[in-house]
2 protein chains.
Amino acid sequence: MQKLTLKKIAKELDVSISTVSKALSDSHEISKDTRQKIQAFAKLYNYRPNNIALSLKNKKTKTLGVIIPEIVHHFFTTVVSGIEKVANERGYNVIIGLSNESFSKEVINMDMLANGSIDGFIISVARETQLKKDFHHLHETINQGMPIVMFDRVLPEIACDKVVVDDAEGARKAVLNLIDAGCRNIGIITTEDHVSVGKLRTGGYEAALKERNIPLDEGFELKLKDELNEEENIEELAKVIATYLKDHPAIDGIFAVNEIYALSAMKAARYLGKHIPKDLKVIGFTDGMLSKYATPSLTTVSQHGKLLGEKAAFLLIERLEKDHLEPPFETIIVETELVERESTKQF
Amino acid sequence: MQKLTLKKIAKELDVSISTVSKALSDSHEISKDTRQKIQAFAKLYNYRPNNIALSLKNKKTKTLGVIIPEIVHHFFTTVVSGIEKVANERGYNVIIGLSNESFSKEVINMDMLANGSIDGFIISVARETQLKKDFHHLHETINQGMPIVMFDRVLPEIACDKVVVDDAEGARKAVLNLIDAGCRNIGIITTEDHVSVGKLRTGGYEAALKERNIPLDEGFELKLKDELNEEENIEELAKVIATYLKDHPAIDGIFAVNEIYALSAMKAARYLGKHIPKDLKVIGFTDGMLSKYATPSLTTVSQHGKLLGEKAAFLLIERLEKDHLEPPFETIIVETELVERESTKQF
DNA sequence: TTGTAGGCGTTATCAC
DNA sequence: GTGATAACGCCTACAA
């Protein structure tokens, strides 16, 4: 019971292939009789046109390539769900490629997909790519006429549509919230500078302090090495933060650029016998499961990942269907939202 | 700067298409001279064969279709990462389709992919599909010669390769652990019966009690309605569990069939002033982030999702490449592992 | 050593 | 109203 094709239908009903094709698209060129006969037959044996053949003919695959650094990651996962939603609504499929934060895997994955498998990319670049600043694969892709939409970790060097979280503003609002809650010595736990979003969030932190005339204390900025993000270094992470908190006993508020850092900060505070939120208030970035279920539950800056994914897919599909690959390009900023929970409660 | 094709190279170098094709596959039919010339040209302009054309010709797409109920879900996400790893190693791409636990979305998604876009499926069926027991889409797919590998939520009614977690045994080990830790009145928080894994885990729970001659108390089994799994019902969930715990004050151990239920049980216990693990020990199923970062950290049954995904991809690719679609089919059981943390510590 | 022709499944154009 | 033909990009058996 192999797949049915136009050819087989044609042979079976003793008509030509093109007659079948036309009949199935309900063309008025074909007599009502033959049309109905062919349609009935096709329906009975559940004929479906072969996507691959259509792709070859139309030079459109109706599938989007999504390249993300990691899939076991709540934020990216929400973005993908948003992409998938819009893609599906508009008849597109979604192929996922994982870079694992590696430059070469990102390149290989894109190469694999760029050769006809997809119509366009939605990508959040790997950390290593940001570090190396080697963007040849992105340039080549665009030069070949394949549109790219970047999200979250975007590159100013690349001319394409972008969807970003309002990182700086989200961080600013978070830090202002800490200040309003009475914190005066606010620390930040962030990533190394090459991670664009880490840098932006740090910028927002600094802006908020400046705005309220709180002097910036360099020592209050803790930049954590990339290696500490590995799963097996959970304990190590908390220890590093504990040391930092001990070295700066005045700190009464922490803004962390992600959930894990925030939770680790809470754990570290617990080691030191500090009560949260009484002695130390904490705000994280990325509103995932962890924040919701933590004890105390964690106040976070929600990024609306799903919405972000929807916008990215929308942007890409619009560009594809309008067949308009030239500038101007759009950058959509998705607003963040402060979700207040127990870790910043006032007494 | 459009994509380069054999045709264009042929015209450019004034040879025939087949010469180019042969030269690029380094065929000895072609003289060393022309071969080198063509290869150099192709390399210079970065020629890549078009995947779609290859797929059409070879009737192989080298891509796997993965259908899962949800992507914002740690377990499925780890499985996908395992699938992606093996797929990539063997030159396959991965298309993701989300069913959102809906029967019709599952059918639509599979239909969309089954028409040539992929070579085979890896699927964990939607809750609604298990409930409806309508498997026509799966049967049709298999009848058309497209192999399926089912994982986690598998159906005995379908003849295909399967990869499952050792649910019953994992549950049994967990409950035995509770008993050994001194619990005598052990409750279970589980799903409705139509969820296959919920049922299996409940079976393991009952087996463990029987094994240790602890009488089964029907009232100790709390079956939670599907609706309570929705995000917005977090608080509701904890309340239902709190009522249950209050109604059965003797309970000193809880086995929950997933992370959320386990965490909600801990929250409920906290409402009631019960100390964990002193008054109540808790074990969950699914070793995700939440368990690791909970306070107290949660003892769980780890399912090794990534390994499971790797096995599933391996099974599918093997079957595809051996071009052997007939029985016998294989069922691989991935062992679970009890990860002991604070929620079951003895005093 | 190189080139021609046919076919994978589809649709569109043009001829009958 | 129906059918033959070409084309999408590739590969390969078979000529030349």
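Just so you know, these numbers use all the heavy atoms, side chains as well, and skip hydrogens, waters and symmetry mates. These numbers were taken from a predicted model, which means no experiment stands behind them.
For the pair A:K132 and A:E106, the salt-bridge criterion is not met [side-chain N within less than 4.0 Å of a carboxylate O]. Look at B:R127 and B:E70 and you find no salt bridge, because none of the NZ, NE, NH1 or NH2 atoms lies under 4.0 Å from a carboxylate O.
Using a 4.0 Å cut-off, no side-chain N or O of B:S21 falls inside it from OP1 or OP2 of D:dC10. For A:T19, a side-chain nitrogen or oxygen approaches OP1 or OP2 of D:dG3 to under 4.0 Å. Applying the 4.0 Å criterion to OP1 and OP2 of D:dT2, one finds that A:S31 has a side-chain N or O inside that range. The side chain of B:Y47 contributes an N or O atom lying less than 4.0 Å from OP1 or OP2 of D:dC10.
Atom-to-atom, CG of A:L24 to P of C:dT11 comes out at 8 Å; the value is rounded to the nearest Å. For the pair B:R48 CZ and D:dC10 P, the computed distance is 13 Å after rounding to whole Å. Distance, B:E29 CD to D:dT12 C1': 9 Å, rounded to whole Å. Distance, B:I38 CD1 to C:dT2 C1': 10 Å, rounded to whole Å. A straight line from NZ of A:K7 to P of D:dT5 spans 14 Å, rounded to a whole angstrom. Separating the CG atom of B:N51 from the C1' atom of D:dC10 is a distance of 11 Å, rounded to the nearest angstrom. Distance CG (A:N50) to C1' (C:dG7): 14 Å, rounded to an integer number of Å. What separates NZ of B:K22 from P of D:dA13 is a distance of 10 Å, to the nearest Å.
Between B:F41 and B:Y45, the angle of the ring planes lies from 30° to 60°, which puts this pair in the tilted group.
No contact: B:S55 has no heavy atom under 4.0 Å from any strand. Using a 4.0 Å heavy-atom distance criterion, A:S18 is classed as a base contact. A:L56 comes within contact range of at least one nucleobase, with a heavy-atom separation under 4.0 Å. At the heavy-atom level, A:L6 lies under 4.0 Å from base atoms of the strands shown. Among the heavy atoms of the strands, none lies under 4.0 Å from A:S25.
A:K306 NZ to A:T77 OG1: the interatomic distance, rounded to the nearest 0.5 Å, is 12.0 Å.
Contact of B:K8 with D:dG9 (side chain to base): no donor-acceptor pair of N or O atoms is detected under 3.5 Å. Not a single donor-acceptor contact under 3.5 angstrom links the side-chain atoms of A:T5 to the base of C:dG9. In this model, no side-chain donor or acceptor of B:S16 finds a partner on the base of C:dT4 within 3.5 Å.
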* Asked: Where do B:V86 and B:I317 land on the side chain to side chain contact (heavy atoms under 4.5 Å, CB included) test, with the steps shown first?
  -> CA-CA 9 Å; B:V86 172; B:I317 294 176; 4.3 Å; yes
* Before giving the answer on salt bridge (Lys or Arg N to Asp or Glu O under 4.0 Å), spell out for B:E318 and B:K311 the whole-Å C-alpha distance, their side-chain angles and the decisive distance to 0.1 Å. => CA-CA 10 Å; B:E318 283 294 300; B:K311 300 255 187 205; over 6 Å; no
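Ranked by how close their nearest DNA chain C nucleotide is to the 5' end, B:I30 and B:K57 are led by B:I30.
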